[in-house]
Structures are given as C-alpha cells and as structure tokens.
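This report refers to the structure that appears directly beneath it.
Values below: every heavy atom of this structure, side chains too, minus hydrogens, waters and symmetry copies. Just follow the structure's listing: the first ligand is 1, and inside any ligand the first atom is 1.
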Amino acid sequence: MARTGSKNIQAKLVLLGDMGTGKTSLVLRFVKGQFSEYQESTIGAAFFTQVLSLNEATIKFDIWDTAGQERYHSLAPMYYRGAAAAIVVYDITSMDSFLRAKKWVQELQRQGNSSVIMFLVGNKADLAEKREVGNEEGEQYAKENGLSFLETSAKTAQNVNELFYEIAKRLEKAN
Ligand code: GDP
Ligand code: MG
C-alpha cells in the first residue's frame, strides 16, 4: 500500500573507476543478483534501472555503467552531468586502481555537481590474500575527502545491497 506522503525520487547514479575493478559486476549483482567470473568488458552504453523502497520514499535508480571509455582515463562530462550519486570503484588487489580512483574522485569533484553523494568502494574484498590496498588506506582517503567508504565483493555479495541502500537512504534524506 502506498503511504500518504511517500515520495518518488528518481536519481541518476554513475559508476567510475578503472577497467576491471568490477563496476559492471557490482551493478549486475545489485540489479540481477548474479555474478560472472567472465564478465565481458562492456561494449556500447550500459544502462540499468532499479527501484528500492524505503520507509518514506521510493527511489528509482537510473544507473549509468561505463562502456569501456574508462580505458582512456577520461569520461565525457555528459556521463556524470546531473548525477545525484557516484560510486568510485577500485580493486583492493591493485594499488594502481586505487591511485586511479583518486584521480576519478578529483575529476568528479572538479566537474560534477557539488551536492553529489559520493562513495569510494574497494571491491574484490573476497581476494584478501592478494590485497594491495589496506582497508584503512581506503577509509582514510575517503574521510579526508568527504566520501563514504565500503569494501565490497560482487562475487560473494558482501556489502553490495548495503552500498545501494545507503545511497538510497541519503537520497531520501536529501530530497
Ligand atoms: P569493470 O571493467 O569495472 O566493469 O569490471 P567487471 O565487472 O567487468 O569485472 C572485471 C573482472 O573482475 C571480471 O572477471 C569479474 O568477474 C571480476 N570481478 C568483479 N568483481 C569481483 C569481485 O568482487 N571478486 C572477484 N574475485 N572478482 C570480481
Ligand atoms: Mg564494465
């Protein structure tokens, strides 16, 4: 039953981060509850929608996944224009991808709108034995730059729903 006073919020959510960090896998885990070891690099635009119902609001996410353009370390401004939320993903087994994530954060802070809800995500947390980026390192950087932080695994589903729910709750509060 729809509650009186419940809000419908439509929000554009973008994913940023280096190729291979698991952006598409996180989206597919969230939207379809699936994971593939052989996730193809996305070719062509990838767009998903997903609805989350909270107490006071229904959030409809328009999720923009990159289509391989991140290979060139740049994305067209139209990709993040109008985004209400952004998830910057690195791979905890790759220090390189963490350094690149910092660049993506800077780019977004320069080009995106100032009220965008930003999450830094260290993905592939299931591969702890190959870890190159400490949990504290990610957390510390996020704190210093005003981002929220989580480690996730698209493979085991660790923290994936939590990530999107947390963003939904923030959107509910902000709207
Ligand atoms: P994208 O280029 O950022 O979209 O990354 P993909 O989603 O295409 O994932 C790249 C590779 O990493 C694929 O082989 C995935 O199966 C794998 N992968 C993604 N997420 C995880 C994870 O959480 N754990 C593990 N072990 N592998 C992952
Ligand atoms: Mg992809």
For [X], atoms of ligand 1 separated by under 4.0 Å from a heavy atom:
{"X": "Glu37", "value": "13 (C), 14 (O), 16 (O)"}
{"X": "Thr24", "value": "4 (O), 7 (O)"}
{"X": "Lys155", "value": "22 (C), 23 (O), 24 (N), 26 (N)"}
{"X": "Ser153", "value": "23 (O)"}
{"X": "Met19", "value": "2 (O)"}

Where the side chain of Tyr79 meets the backbone of Trp64, is there a donor-acceptor pair that is under 3.5 Å apart? yes

Whether Asn123 side chain and Val89 backbone form a donor-acceptor pair below 3.5 Å: no

For [Y], is there an ion pair with [X] - N to carboxylate O distance below 4.0 angstrom?
{"X": "Lys169", "Y": "Glu166", "result": "yes"}
{"X": "Lys124", "Y": "Glu132", "result": "no"}
{"X": "Asp62", "Y": "Lys60", "result": "yes"}
{"X": "Lys23", "Y": "Asp65", "result": "no"}
{"X": "Lys155", "Y": "Glu37", "result": "yes"}

Pair Thr152, Asn159 - check side chain to side chain donor-acceptor pair (under 3.5 Å), show working. CA-CA 5 Å; Thr152 60; Asn159 275 343; over 6 Å; no

Between [X] and ligand 1, is there a nitrogen or oxygen pair with a distance under 3.5 Å?
{"X": "Gly22", "answer": "yes"}
{"X": "Phe35", "answer": "no"}
{"X": "Asp65", "answer": "no"}
{"X": "Lys23", "answer": "yes"}
{"X": "Leu127", "answer": "no"}

Non-hydrogen side-chain atoms of Tyr165 and Leu52 separated by less than 4.5 Å: yes

Just to be sure I'm reading this right: ignoring hydrogens, which of Asp126, Val27, Leu26 gets closest to atom 26 (N) of ligand 1? Compare them by their nearest heavy atoms. Asp126

Using non-hydrogen atoms of the residue, decide whether Asp18 is closer than 4.0 angstrom to ligand 1. yes

At the 4.0 Å heavy-atom cut-off, does Gly17 count as touching ligand 1? no

Does the side chain to side chain donor-acceptor pair (under 3.5 Å) test come out yes or no for Arg100 and Ser94, once each step is laid out? CA-CA 10 Å; Arg100 286 298 320 165; Ser94 160; over 6 Å; no

Quick look: Ser36 vs ligand 1, heavy-atom contacts under 4.0 Å, and the answer is backbone

Asn123, portion touching ligand 1 at heavy-atom distance under 4.0 Å: side chain

Hey, is there an N, O or S on Thr24 sitting under 2.8 Å from the Mg ion (ligand 2)? yes

